[in-house]
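Below, chains carry the letters A, B, ... as their sequence lines are ordered, and counting in each starts from 1. These numbers come from a predicted model, not from an experiment.
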Amino acid sequence: MYRAVVGVGVACALVIVLVYEITRPIIERKRSELRERAVMQVLPGARSSAAFRLTDEGRFESTSSDDEADNLVFAGFDESGSLVGLAIEASGMGYQDTIRLLYGYSFDAEAIIGIRVLDSRETPGLGDLIESDAQFLRNFEKLDVRLTDGGDALLHPIEFVKPGQKSEPWQIDGISGATISSQATADMLRDSAGWWIPRVRPRKADFQTTQGEQ
Amino acid sequence: MSETSLWSIFVNACLINNFVLVYFLGICPFLGVSEKMPTATRMGAAVTFVMLVSSVCAYGIQALLVAIDAPYLKLISFIAVIASTVQLVEMFIKKMSPVLFRALGIFLPLITTNCAILGLALFQTNRGYGFAQSIAYALGAGVGFTLALVLMAGLREKLELAKTPDIVKGTAMALILAGLLSMCFMGFAGLSK
Amino acid sequence: MKILGAQSFAHGIHPPESKDDTCTQPIRQFPFAPVLAVPLVQHLGKPAIPVVREGQEVTRGQCLAQPDGFLSVAMHAPATGVIRRIGLIPSISGKMVPGFFLEPFPASTQEILEGTACDPDSASPEEIIAAIQSAGVVGLGGAAFPTHAKLRIPEGKSVDTVVINGAECEPYLTTDHRVMVENAADVVVGIRYLRRAAGASQAIVGIEANKPDAAAAIRAAIPDGAPITVEVLPVKYPQGAEKMLITALLGREIPSGGLPLDVGALCFNVASTSEIGRLLPHGAGLQERVITIGGPAVKNKGNYRIPIGTPLRFVLETVGIQDDIACVFLGGPMMGQAVSTLDIPITKGTTGVIALTRRETKGLAEPKQYPCIRCGYCVEACPIFLNPSQLGLLAEQQQYEKMAEEFNLMDCFECGCCTFVCPSHIPLVQHFRVSKAAVRKMRQTA
Amino acid sequence: MTQSYQTLDIRSSPHLSSGTSVDTIMFNVALALLPVTCFAVYAFGLAALMTLATAVAACVITELVLCRLTGKSVTIGDWSVTVTGLLYGMTLPPALPLWMVAAGGVIAVGLGKFLFGGLGFNVFNPALVGRAVLQAAFPVAMTSWPAMPTDRFTSVPASTLTLPFAEPAYDTLSGATPLTSWKFDSALTETSDLLFGSVSGSTGETCALLILIGGVYLVIRRMMSWRIPIAILLTVGLFSTVLNLADPSRYAGPLFMLFSGGLMLGAVFMATDMVASPMTHAGCWLYGVLIGALVMLIRVWGGLPEGVMYAILLGNAVSPHIDYWIRPRVYGTRDGGNRRE
Amino acid sequence: MATDAKKAQPNDSDEVTKGLWQQNPILVQALGMCPVLAVSNTARNALAMGLATGFVLLASNVTVSTIRHFVPKQVRIVTFILVIATLVTVVDYLIQAISLELHKALGAFISLIVVNCLILGRAEAFASKNNLRRSFLDGLGMGIGFCWVLLCLGSVRELFGYGSLFGVRLFGQHFQEWVVMILPAGGFFVLAGWLLLFNWIGQLRSRRQSLEEVI
Ligand SMILES: Cc1cc2nc3c(=O)[nH]c(=O)nc-3n(C[C@H](O)[C@H](O)[C@H](O)COP(=O)(O)O)c2cc1C
Ligand SMILES: Cc1cc2nc3c(=O)[nH]c(=O)nc-3n(C[C@H](O)[C@H](O)[C@H](O)COP(=O)(O)O)c2cc1C
Ligand SMILES: Cc1cc2nc3c(=O)[nH]c(=O)nc-3n(C[C@H](O)[C@H](O)[C@H](O)COP(=O)(O)O)c2cc1C
Ligand SMILES: Cc1cc2nc3c(=O)[nH]c(=O)nc-3n(C[C@H](O)[C@H](O)[C@H](O)CO)c2cc1C
Ligand code: SF4
Ligand code: SF4
Ligand code: SF4
Ligand code: SF4
Ligand code: FES
């Protein structure tokens, strides 16, 4: 009786492995294209990207792009191969569910220079304005994330303010009618940047050494 | 990065993103076993129980699959392991507590191959929950499922004697009620900040 | 169950009392009709067996029929006259029942025939029970259940309290009221008999607060040291239902499907009690009773001592009625039965004759019925704590089984509170009567 | 005289009735809403008038058409659908496009009432079903509060007359209702403003005082359960007092909580809809406490500034259970009488 | 081939059409409702999900029917689940290879086809008892029946929810979206609406039929 099950099982396993092996290269190519596109979007000017992993010693080392670890950052490079900045993932609870987004950090500007929502289930027409509202996205053209002199925290943690009240470069203007989603975005960025920037900034060199490899 | 607190995971799975009313998982038993309040309560209890079991299973399998680097076996092993574990637990309960078995037993086979159970396993691995988080998630999902089911049963029982137009009877009525309940649950949005 | 010191039961309703017209007028003797129709069965139980022939002359108070078995009582001649015929008499249920047609002698003095007296202090309980049975006394509160039958206490039960029901919670009716005011002494004597027969250590008379003069009269009539108390109860319908009364007075709840006996009590109407106290010392039989004739359609409203067997038509013609009379019912407006013909006679169970005009019935005749809006008024009115709303919905779908099994239909005692309050004008109690009959039938055949 | 005997009615007892009937109750509810309606028109001008009129008309016409279509006898004479329409209109922002008002009205009566079998069987409050669907469908329009200029009696906001299916455009937004300013700007509104309605908000919710007066009228006429509003208001009051004492800077006090938003209108007129609320007195208390607690939960910890609607709808969903568990013990039985299982 | 079969044997066409209407898996049997509701927020997602489910249904019917004689009774269900899980895994990877965006939109619901009551239900109730041809036709009919209802659902939700159909905006610039249609509640309502329409048509038909009988 078990012969039949085992037989079917073996056949199934074969089929799965076969399909997996055939589709894997295609899927991986698409994935990296997708990621590349996202990175380029949050790092205007970038033309290629590479993944880096934060090691336990606090260094960054190059890793394969399908690494599923969660301590990854992506470096973006322009045509000449020089570093444009880093793309970092952040996530947090929004209005309806967890929002995941990618933001671009520029070493030169010491600022966040772009964001892109990877995943959200916010209300269409309200919460999803964080992806499309031009006014809101303008907050991220140059969002100040300078570090303190000690280099271990943001000089001005990112602040959320009511729509139209932005007066400092580290403030984020909310979206009227979607206060919660836009505030969640700000909170996410503040926490994530406060954690990552002090770690990546001193190690800018780690990213430049591998620029040729991508 | 999954530092979300257990409480917020629980509230999220139970109220804000209720499995049945928001994620649309387990609709079939939701529509099928929500006509009588006592049955609904017991069904809910059974689902919660199976969810806990399968959450633990899924946590173990995922760890194993990552170790042997065989992500393509995820689905097939989830379903196989969950189904057989539930079967084992069922036999165990039958031996240990016939009363409990009579209360929950008839539902177990129905639930084993149910999308809420598998969905739970898939979601918790996709979100990279740790062990305690997985348990909180399973508990939240189970309690949320029970809540939806029991509320639904109350409403359907109340409507049993109503003079509803003929075309609304049955599944259509259940869907309308589910839609209204789903709308009620929208009020919980934002609770788990 | 004594909440905040007020003695009452929970729930119930407050219909307008409408008692002022009759409650102050003394009881008047009613004239004899040309022909009296005395049915052989005026009580719950077996018909009595005639002991007189057609054409025989009888004396007022003479026994016309003997009880047939225990659950039956004797009938007595309401007047001195001649038995014209033994034939069929229409009854309120629409059925024809056998009975005597008695033609009173207009010239007679109408002396009441007396028999062997029964002494309240020396007679044994059995003797008292037998005396009550041969006096033909039945429950005069409306149910007409043979009074002596209640007094036979089964093996293993005992009674500590005799409850005398002077609540008279039905609107319009004032018979019990007047009886208490005018015949308080008879009531107290009646209690002596009842207490002795039941072996009860005490008696309580429950009277609604709208009859202070009745309470005072009874109190005055109670001899010093007698274990009889008078309790004044809040005015509320159905205070007079024995379950409610016993709960209010004794704080005891009669179990579902049980009798007052199960909680050591017996309940008797004051009018029944007063008749016992009036008849037994003389060995006489019940041949007339006090009845309220009232309602807006009646001209000469009041309480009358009316011979049993007086045709309703004669009663109404004697007191005079308004032209726009629309509805006549026997008993009170909450539980009384409407009559379709005036040819039926007054019986022992008749507590009142109430006639309404078009004006009062206009709203009632064909009220627009709405679906149940779940207002819960009925739930909060039902003294038995049933859910009339749910029962009503089930009744419309004829789910009688479920009504009885899950919603305690059989505990409904048809007080009508639910129908009274229902803003949707759903005939709830009417449904329940039908449903209960259906359930009884199902259970019998099953 | 003999003639009149022949026309005797034969009816079964009881031969008396309390005299209240569904249509008088509903008519009186509409009457109790009249002051609130007048105030709404005064406060928000022509826009409010048009909103309320459209809401009532949409509800009544829907009921009429559905009754005709299904061959039922027409039930608009019992006033219940008028009450539904009026209350529904009162929960809407005064400058909501009229086509949305009408669409919501059709939904309120069609989905919220008719599909369940009409009067008496709607398990959810139909007016709130209408509002909830609108809120889910048009979240932006449902949370836009235009300023009410002095020429409000002669002109209407542009948004009101938006073409069907088109997106409304607003000329001037007054911005925040009291609850929104509290929730997102931590700004409190004067209690007197809340009482007398000089604030922005839904058409019929702004004047707490008139709503209370209407409620007291209905309670005095015994057409409304006073237990439900009292339970809701007490719960909210106590809850907010405790929070306010614990941390006055974060949590608003009871007066603000009680008189702001739709709480008064909801507690007095909408939670009390008998059809969707429990039947027993004890059940009503529990239901009220539950709704009050949910309102506070959503207002204080949820994402929305106002939770009255969702709280009442959830209360409606729970009320069959309340009725099931709070069954009074049947007289003469030990365990509450027969029960399933 | 289906059309050929139809011509050859009227029975065969019944096999296909029963899934379309009288025994429609969604409208009548209420099976496999979860994916129906979850991924029908746009016409494109609905179609993709319908096709994926339909494919698995067809393939599992065929496979199950083929191996039905080799599989002992006791392990039948287990084997079927195994087969279905394999097919789903395959579909999952295929969709990823075709479009990652689509895969993301359908989310976990592709994997959840495994537990779709419809598929196991047909395998158990039909394919394990019938020959290859009939199982194929049954799978085809059920698959199409599933697809078209899903498509109807998705179209209405997209039309009102986004003002577009298959991504093409239909109502111009100023259309006000009905967000509720894309929300979960809208899924329930629209499916209920289709069901009401279906029941109504059924009622009209049976009424006409009984009328004809009377005449
Ligand atoms: C159905 C519905 C969905 C909503 N979705 C969101 C959302 O996704 N994101 C958000 O920030 N606010 C959302 N809101 C609005 C919030 O409840 C709240 O009104 C808003 O954040 C307040 O912003 P404001 O202060 O700018 O008015 C939604 C409201 C409703 C009624
Ligand atoms: C709803 C209801 C109301 C009643 N009200 C009275 C009443 O007011 N007075 C009364 O004597 N009996 C009333 N009864 C009858 C009593 O329950 C009881 O049968 C009676 O008091 C027994 O006395 P009897 O046998 O001497 O008539 C009522 C019964 C019911 C069901
Ligand atoms: C009875 C009633 C119930 C209401 N329920 C809600 C509700 O649950 N959610 C909501 O956002 N607004 C509700 N409102 C409207 C709010 O009072 C008003 O829209 C709110 O204060 C503004 O919040 P916003 O920022 O979401 O626009 C209700 C109004 C009334 C009259
Ligand atoms: C006190 C009271 C409150 C009411 N509140 C509502 C309400 O909030 N919404 C509604 O649609 N109808 C309301 N009604 C009217 C009526 O109950 C409603 O039309 C039915 O729910 C429709 O079946 C109310 C009626 C009363 C007596
Ligand atoms: S007959 Fe009427 S008045 Fe007399 S006790 Fe009964 S209900 Fe009360
Ligand atoms: S008639 Fe029956 S159900 Fe109605 S109130 Fe009286 S006891 Fe209760
Ligand atoms: S007779 Fe009774 S059951 Fe029949 S319709 Fe009228 S109220 Fe309903
Ligand atoms: S009183 Fe009438 S309308 Fe109110 S709940 Fe009872 S049956 Fe329904
Ligand atoms: S439970 Fe059947 S498809 Fe989800």
- [ ] Determine whether C:N387 and D:R327 make a side-chain contact, defined as any pair of heavy atoms from C-beta on separated by less than 4.5 Å.
- [x] no
Task: Backbone N/O of C:G336 and side chain of D:H15: donor-acceptor pair under 3.5 Å - done: yes
- [ ] Answer yes or no: is there a side-chain heavy-atom contact under 4.5 Å between C:H425 and D:S21?
- [x] yes
Open item on the list: Quick check on C:C422 against chain D: is it the side chain, the backbone, both or neither that has a heavy atom closer than 4.5 Å?
Closed with: backbone
- [ ] Find out whether C:P171 and D:L16 are in side-chain contact, i.e. whether some heavy atom of one side chain is under 4.5 Å from a heavy atom of the other.
- [x] yes
Task: Toward chain D, the part of C:P15 with a non-hydrogen atom under 4.5 Å - done: side chain
Task: Pairing residues for C:D21 by the side-chain hydrogen bond (donor to acceptor under 3.5 Å, both in side chains) criterion, not counting sequence neighbours - done: none
Task: Pair D:Y331, C:T247: side-chain N/O donor-acceptor within cut-off below 3.5 Å - done: yes
- [ ] Side chain from CB out, backbone as N, CA, C, O: work out which of these in C:L393 comes under 4.5 Å of a heavy atom of chain D, or both, or neither.
- [x] side chain
TODO: Check side-chain hydrogen bond (donor to acceptor under 3.5 Å, both in side chains) between D:T20 and all other residues, then give those that pass, not counting sequence neighbours.
DONE: D:S18
Open item on the list: Can you tell me which portion of C:C372 sits under 4.5 Å from chain D's heavy atoms? Options are side chain, backbone, both or neither.
Closed with: backbone
Open item on the list: Within this structure, what is the CG-OH distance for the pair D:D78 and C:Y370, rounded to the nearest 0.5 Å?
Closed with: 5.5 Å
Task: Trace of the salt bridge (charged side-chain N to carboxylate O under 4.0 Å, His left out) decision for C:E253 with D:R329 - done: CA-CA 12 Å; C:E253 246 180 49; D:R329 186 178 58 84; 2.8 Å; yes
Task: Proximal component of D:D23, with respect to chain C [non-hydrogen, under 4.5 Å] - done: both
Open item on the list: Quick check: do C:V429 and D:P14 have side-chain heavy atoms less than 4.5 Å from each other?
Closed with: yes
TODO: Taking the side chain as every heavy atom from C-beta outward, state whether D:M279 and C:Y377 have any atom pair closer than 4.5 Å.
DONE: no
- [ ] With a 4.5 Å cut-off on heavy-atom pairs, point out which of C:P423, C:S424, C:G376 contacts chain D the most.
- [x] C:P423
Open item on the list: Testing C:R433, C:E414, C:Q337 one by one against D:S12 for a side chain to side chain contact (heavy atoms under 4.5 Å, CB included), which residue passes?
Closed with: C:R433
- [ ] Name the region of C:V328, side chain, backbone, both or neither, that has any atom closer than 4.5 Å to a heavy atom of chain D.
- [x] both
Task: Polar side chain donor-acceptor pair, D:S319 to C:R374, under 3.5 angstrom - done: no
